[in-house]
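Here the structure comes first, spelled out in structure tokens, and everything after it is commentary.
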There are 2 protein chains.
Amino acid sequence: MIQHPCFSCESWEVFETELDLSVLAHSESILALSNGHIGLRANLEEGEPHGLPGTYLNSFYETRPLPYAEGGYGYPEAGQAAVNVTNGKIIRLLVDDEPFDVRYGELRSHRRVLDLRAGLLRREVEWSSPAGQAVRLSSVRLVSFVHRAVAAILYEVEPLDQAARLVVQSELVANEPLPAAVEGDPRTGVGVGSALCSEDFSKDEQRVVLVHRTEASRLLMAAGMDHVVDGPAGTETTTGAGEDLGRVTVATELQPGERLRLVKFLSYGWSSQRSLPSVRDQVEAALASARRSGWDGLVDAQREYLDAFWDRADVKIEGDTELQQAVRFALFHTVQAGARAEQRAIPAKGLTGSGYDGHCFWDTETFVLPVLTYTAPHAARDALRWRHATLDLARARAQVLGLEGAAFPWRTIRGEECSGYWPAGTAAFHINADIADAVIRYRSATRDEDFERDFGLELLVETARMWHSLGHHDAHGRFRIDGVTGPDEYSAIADNNVYTNLMAERNLRGAADAAERHPDRAHELGVDVEEAAAWRDAAQAMLIPYDEALGVHEQAEEFTEHAVWDFARTAPEQYPLMLHFPYFDLYRKQVVKQADLVLALFLRGDAFTPAEKARNFAYYEALTVRDSSLSAFVQAVIAAEVGHIELAHDYFAEAALMDLGDIHRNTKDGIHLASLAGAWIAAVAGFGGLRDHDGALSFTPRLPSRLTRLTFRVCFDGRRLEVEVSHRQARYTMLEGEPLEVTHHGDVVTVAADRPVSRPIPEPPTLEDPKQPHGRAPTRRRPPQ
Amino acid sequence: MIQHPCFSCESWEVFETELDLSVLAHSESILALSNGHIGLRANLEEGEPHGLPGTYLNSFYETRPLPYAEGGYGYPEAGQAAVNVTNGKIIRLLVDDEPFDVRYGELRSHRRVLDLRAGLLRREVEWSSPAGQAVRLSSVRLVSFVHRAVAAILYEVEPLDQAARLVVQSELVANEPLPAAVEGDPRTGVGVGSALCSEDFSKDEQRVVLVHRTEASRLLMAAGMDHVVDGPAGTETTTGAGEDLGRVTVATELQPGERLRLVKFLSYGWSSQRSLPSVRDQVEAALASARRSGWDGLVDAQREYLDAFWDRADVKIEGDTELQQAVRFALFHTVQAGARAEQRAIPAKGLTGSGYDGHCFWDTETFVLPVLTYTAPHAARDALRWRHATLDLARARAQVLGLEGAAFPWRTIRGEECSGYWPAGTAAFHINADIADAVIRYRSATRDEDFERDFGLELLVETARMWHSLGHHDAHGRFRIDGVTGPDEYSAIADNNVYTNLMAERNLRGAADAAERHPDRAHELGVDVEEAAAWRDAAQAMLIPYDEALGVHEQAEEFTEHAVWDFARTAPEQYPLMLHFPYFDLYRKQVVKQADLVLALFLRGDAFTPAEKARNFAYYEALTVRDSSLSAFVQAVIAAEVGHIELAHDYFAEAALMDLGDIHRNTKDGIHLASLAGAWIAAVAGFGGLRDHDGALSFTPRLPSRLTRLTFRVCFDGRRLEVEVSHRQARYTMLEGEPLEVTHHGDVVTVAADRPVSRPIPEPPTLEDPKQPHGRAPTRRRPPQ
């Protein structure tokens with residue numbers, strides 16, 4: 001687990017202190033800015049060199065045909081891919097007629113800082129042109145959390161040593177050429193090529209607006225820029241606009257000590273329904289508003305927004321500086337992805353890259369929403385409202401599949417199923433229970449009964465209907481769910497996956513419970529007493545396979561009968577296995593890509609005894625290769641619970657450093673949002689031991705040896721609770737709100753605003769270290785013995 | 001089960017007595033001619049109208065990329081598709097400047113006859129042009145069994161009533177336009193479009209040769225034609241040749257009673273290696289040879305070849321005229337497909353259409369080769385030598401899949417895996433045991449030890465190695481084969497499919513036995529005592545799942561736990577199910593597309609008790625929908641064995657009439673070779689009760705009420721045995737060869753050349769009729785009660 005030396009470690013900042021072009025695409029993802037609506041990769045202002053140019057608008061996509069060598073009934077015919085939209089980040093610089101390009105001349109210094117409290121990306125450069133003219137250049141970039149449609153760049157340049165003629169070209173560029181996609185890695189997106197057709201362009205003073213439409217999906221988007229230029233007398237500004245290019249050119253001559261200052265306001269808007277004038281005017285209006293706020297106004301508002309977020313969400317870690325930084329970085333990207341998504345999907349990469357084509361998976365509900373539920377509950381609600389908005393599509397999909405209720409897509413942008421490989425797509429029905437689980441958690445944590453009545457109940461009812469029609473009672477009365485795929489993508493199409501069945505059980509019960517709470521709305525949805533009773537019956541009879549001989553749960557029926565993968569003969573370079581072995585072989589053997597049964601131990605911890613958890617964890621630990629980024633933090637949580645607290649520290653670090661350390665070597669395509677959210681989960685549910693079964697909060701805090709203190713906060717039912725954990729004790733403080741009963745290692749404690757409660761941490765059990773597959777142990781974080 | 005009224009029923013001929021354009025593509029398949037090397041669909045000579053133009057050369061294919069919405073390691077990247085090659089069937093006619101086209105003017109009479117003894121397709125037409133000029137026209141067409149590269153057409157035309165000016169254009173046409181493929185039916189081929197690039201053309205007198213190369217697969221082909229024209233004085237002939245067109249034009253004027261007679265000799269050749277001059281000259285030489293034989297010589301040789309075939313192979317049925325015709329029709333297509341394939345693949349459609357893109361599947365070894373083994377053993381040997389010739393490709397495929405030995409492709413033309421859907425392709429490993437089974441059967445039936453030593457042993461060894469590496473011993477020592485797909489395509493990726501495991505068991509034992517018989521050759525192949533012992537151990541320990549509660553074998557583990565398909569709610573128009581329901585749902589329920597466990601009851605009948613067979617048959621009969629043409633005849637065989645002899649008759653008819661009756665409504669894409677071969681299997685293994693376990697022949701003959709007599713012959717170890725079955729007795733006659741011990745209903749009888757043996761047929765058991773799924777019972781053949 002090595003962070004790239006380019007990034008130095010500061011608890012509130014991520015520094016890049018030199019420019020290594022071989023990891024440029026990685027930096028562009030790490031330092032990307034987003035507010036959940038607009039995403040800007042950290043491409044250099046001058047456009048080149050670049051790793052992967054990227055400017056994204058949430059849910060703005062192009063469609064493409066999904067091809068099949070052999071088709072089949074119900075296969076989705078159209079895919080969706082996020083579009084790299086009009087690039088407004090471009091600010092080119094000519095120094096005495098020589099273009100500023102770090103690959104030429106001499107880059108005397110380079111420094112970029114992602115400021116996690118300010119929500120700014122700062123860049124400072126000293127460069128000397130091939131002809132020897134030196135300049136100092138700085139930029140500060142933000143994507144506003146407050147002005148949802150706005151981004152802005154403060155760009156400053158000054159000559160060093162001697163006077164210089166400077167030209168700055170600030171641009172909007174549509175349909176910029178993209179590097180060719182890498183073949184053979186399904187995690188990289190397929191992309192859509194140039195997809196924007198010009199519909200309109202206009203200019204006025206230093207303002208340009210370009211309007212484009214996607215060719216196939218027929219979505220309309222507008223991008224606008226406006227400028228405030230501050231230079232010495234004689235500075236000239238001209239503006240041009242064309243179909244795919246808007247340009248404001250500033251020409252000046254500066255003496256040493258003089259500076260050219262340019263504030264570039266950017267705004268973006270899109271719509272599938274509204275007219276061109278409407279979308280164009282929206283962008284113009286956002287520019288006007290941003291200009292009125294001014295650069296300082298935008299910066300101040302950004303800080304204010306983030307101060308409030310950190311006050312709710314910050315996780316403090318003492319004893320591991322690198323992880324302190326990593327967990328804040330993780331939370332920052334989580335809030336960037338979710339803060340202003342506002343009833344749009346939250347994709348697996350946020351808006352930081354084109355990986356997975358910009359699709360949203362179950363990751364969002366299962367891993368991102370718990371974090372948002374406890375730190376920014378409005379964002380969790382909005383994400384679930386997006387799911388609710390796609391219910392008609394999910395109902396139509398269920399019908400195609402011969403099922404009742406709703407079947408949500410495995411991967412999508414807009415709501416249609418975009419998975420072209422059904423054994424690991426359509427068959428992964430657990431996503432429906434994952435959505436239900438997020439609904440249940442959000443409602444428990446917020447008591448937002450309006451949400452449950454207006455949106456949550458329908459999600460629960462339609463998914464419960466799906467499960468009831470998907471499963472059947474066998475001859476012994478047990479409720480079976482056959483032929484589905486669980487979270488582990490190295491297995492597929494198995495019977496009675498424990499995770500799926502337990503989550504379906506919660507879904508069925510949760511729907512019945514919610515229908516009882518909202519009888520009128522339930523009646524409107526056609527739920528009667530018989531139907532709710534049938535859900536409870538199915539839940540009650542749910543089959544949970546267990547291997548008596550081994551004393552562990554089978555991930556799915558027959559799983560423990562399969563041959564164990566030959567880990568000893570698998571070379572380190574053969575990971576991830578799916579790039580080196582066929583699915584057919586992975587599926588038929590005991591090898592686990594990502595926590596599946598172990599995830600059930602976490603999310604359905606109420607369904608296992610402590611002894612079962614310990615045996616199951618040890619068994620699956622030996623089979624789990626973590627070829628997915630959705631695994632380490634889940635293993636951290638259960639490792640902590642069953643008593644392997646040092647191992648939990650290792651896994652916590654792996655999750656938190658997933659992107660800073662580029663552990664899966666594909667952060668270039670975008671950050672791994674679920675793993676970053678998972679860093680919070682590992683800290684809070686792992687070391688803090690937070691569980692929320694049945695609507696109550698419980699904690700079993702315990703720290704690994706190297707950490708001296710962990711402090712975190714959770715929002716719960718209008719309250720804000722702080723938990724501070726040291727080796728000897730945990731202290732619970734109600735920062736705001738009514739008193740609350742929680743449990744601490746099984747003991748009930750009442751925390752009230754004026755009465756912090758401290759409780760001692762019991763001694764951990766002594767256990768033998770579990771074994772990972774050969775060569776797959778995580779990097780150790782524990783101090784030298 | 002309705003035969004189309006166009007076809008009348010004669011025992012040695014298939015008549016078409018009117019021309020119904022709506023079933024033209026069906027007729028073109030039914031009346032197609034082939035010798036296993038060249039295939040000509042029964043397109044009208046004048047080229048139009050047509051259903052699907054088709055001229056095929058065995059194994060002459062074009063490659064195309066196989067696309068995937070989501071790729072994966074080891075997915076085949078290139079597909080192969082049979083090419084519609086240069087059409088030499090075209091003979092256009094102008095009558096007083098009006099083109100002969102049955103859609104215009106008046107078709108006074110039309111008659112085509114496929115003569116199964118002569119191997120000829122005859123056509124007789126009287127037509128009157130829009131201007132009222134009437135002509136009588138006849139053609140006779142053959143694809144020579146003796147001259148492998150040659151086809152020929154005798155074309156005669158005469159005016160009726162009054163003199164007429166006639167022009168005949170005899171052509172070679174490359175890259176003729178094809179109708180667009182039907183979307184959404186995986187059984188139709190995808191095709192390759194125009195794929196032939198002209199390399200050379202030449203003409204000389206009435207001879208034209210066109211040479212083309214495929215664009216991607218780089219195969220070279222030549223087509224040639226030569227003519228003998230016989231007309232009245234003043235008949236003029238001209239010849240032209242171009243890149244994609246060769247044409248011999250005959251212009252004449254005929255008085256009533258005069259006739260223009262044209263013999264067109266066609267020859268075809270292709271190569272992946274030889275040079276253009278070589279391939280061109282081969283075609284010219286074949287034309288010279290055909291011309292020397294002359295029309296009558298070709299016709300005589302054809303009859304002689306077929307007389308010999310029918311003498312070995314004919315099946316006589318008394319009591320059901322339609323089935324007598326059907327079984328001869330079936331045998332005719334079987335010999336057409338296999339007779340001169342000569343170490344090339346025998347595709348699922350023979351050379352009669354572009355269905356399944358001209359691919360060869362397991363059908364060949366499992367269903368076609370048993371027929372050839374007992375009626376034309378040289379053809380069975382050649383087909384197995386083709387498999388042997390592809391061993392290097394199969395070894396390479398095994399390596400990609402992480403397996404030892406060889407893994408043969410699920411579908412292919414040349415030997416490379418062309419299946420783009422691995423759950424029903426690569427995972428269907430049973431094909432390897434099916435090949436081994438055909439090797440074992442061929443060797444048992446012929447005692448061809450040279451073949452076994454030189455080819456068979458290596459096939460057995462490499463497939464045994466594959467099985468040994470595919471399976472594993474579980475904690476109880478049982479040998480498991482997990483995650484594979486059996487014959488039933490409505491299930492996939494299951495553990496311990498009974499058919500697969502039993503066939504693998506035979507494969508493993510067969511390899512060990514053959515290695516013992518040929519120790520030197522086995523040594524060369526690296527087989528030592530330990531390896532052979534490991535094969536026997538795995539075979540001995542093979543896990544065969546059995547459901548104790550139901551008293552039946554599970555098709556695969558867990559199968560009998562799955563929900564039973566809701567047949568009552570499935571409408572007749574929703575069959576075949578795979579066009580109306582997703583695979584995900586089919587796979588997870590108890591619904592059987594085609595005999596799977598029931599096929600095991602047949603091919604591995606030695607592994608089941610009679611009581612098990614009866615119970616298993618009844619259980620699976622209620623689940624089997626016969627959406628595949630590979631099912632009815634297998635059900636016929638086991639129905640007959642367990643005592644449902646009338647049901648066997650029904651299924652026999654369904655298999656035998658598969659194409660004449662167009663039961664699956666896709667005979668337009670080509671005949672269903674396995675089902676036609678299956679008609680022989682249903683007669684001989686069903687009513688005759690032939691079994692060949694462990695190299696001995698046994699019979700349990702029994703006739704359904706409507707049939708009065710069944711006579712069939714089998715070649716066995718240099719002998720020719722005739723079996724004649726009536727209701728009361730069976731008579732065994734050794735037509736040629738040494739005495740042989742066979743069993744008749746369990747009693748050993750010795751049959752010698754001069755001593756036919758008759759034995760009585762025991763009374764059948766009285767059983768309740770098994771139930772088929774709702775609406776899926778076969779059409780009844782039994783006489784009215």
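A note on names: the letters A, B, ... follow the listed sequences, proteins ahead of strands, and every chain is numbered from 1. Both backbone and side-chain heavy atoms feed into the values below; hydrogens, waters and symmetry mates do not. Remember, it's a predicted structure, so these values are computed and weren't measured experimentally.
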Residue, of A/Met578, A/His580, A/Arg478, that accumulates the most heavy atom pairs under 4.5 Å with chain B: A/His580
Flag if over 12 foreign heavy atoms under 6.0 Å of CZ, A/Arg414: no
Atom pair CD/CZ of B/Glu70 and A/Arg411 - distance to nearest 0.5 Å: 4.5 Å
Segment of B/Glu557 engaging chain A (4.5 angstrom heavy-atom cut-off): side chain
Parallel, tilted or perpendicular: rings of A/Phe584 and B/Trp422 (30°, 60°): perpendicular
Heavy-atom check, side chain of A/Tyr583 versus side chain of B/Tyr73, under 4.5 Å: no
For chain A, which residues of residues 562-570 of chain B have heavy atoms nearer than 4.5 angstrom: B/His562, B/Ala563
Stepwise side-chain contact (heavy atoms from CB on, under 4.5 Å) check, B/Glu558 with A/Arg480: CA-CA 11 Å; B/Glu558 302 287 319; A/Arg480 296 175 59 91; 3.0 Å; yes
A/Gly420 versus B/Ala69, closest heavy-atom pair with distance: CA-CB, 3.6 Å
Heavy-atom donor-acceptor pair, A/Arg588 side chain to B/Leu470 backbone, under 3.5 Å: yes
ring-ring contact (aromatic ring centres under 6.0 Å, His included) partners of A/Phe479, counting only residues at least two apart: A/His473
Audit row: A/Glu561, B/His472, side-chain contact (heavy atoms from CB on, under 4.5 Å) steps and yes/no: CA-CA 10 Å; A/Glu561 302 282 341; B/His472 77 285; 6.0 Å; no
B/Gln399 atom CD: more than 12 heavy-atom contacts under 6.0 Å: no
Between B/Gly483, B/Gly471, B/Pro582, B/Gly74, the one whose heavy-atom pairs under 4.5 Å with chain A are most numerous: B/Pro582
Heavy-atom pairs under 4.5 Å with chain B, option from A/Asp495, A/Ile493, A/Leu66 with the top count: A/Asp495
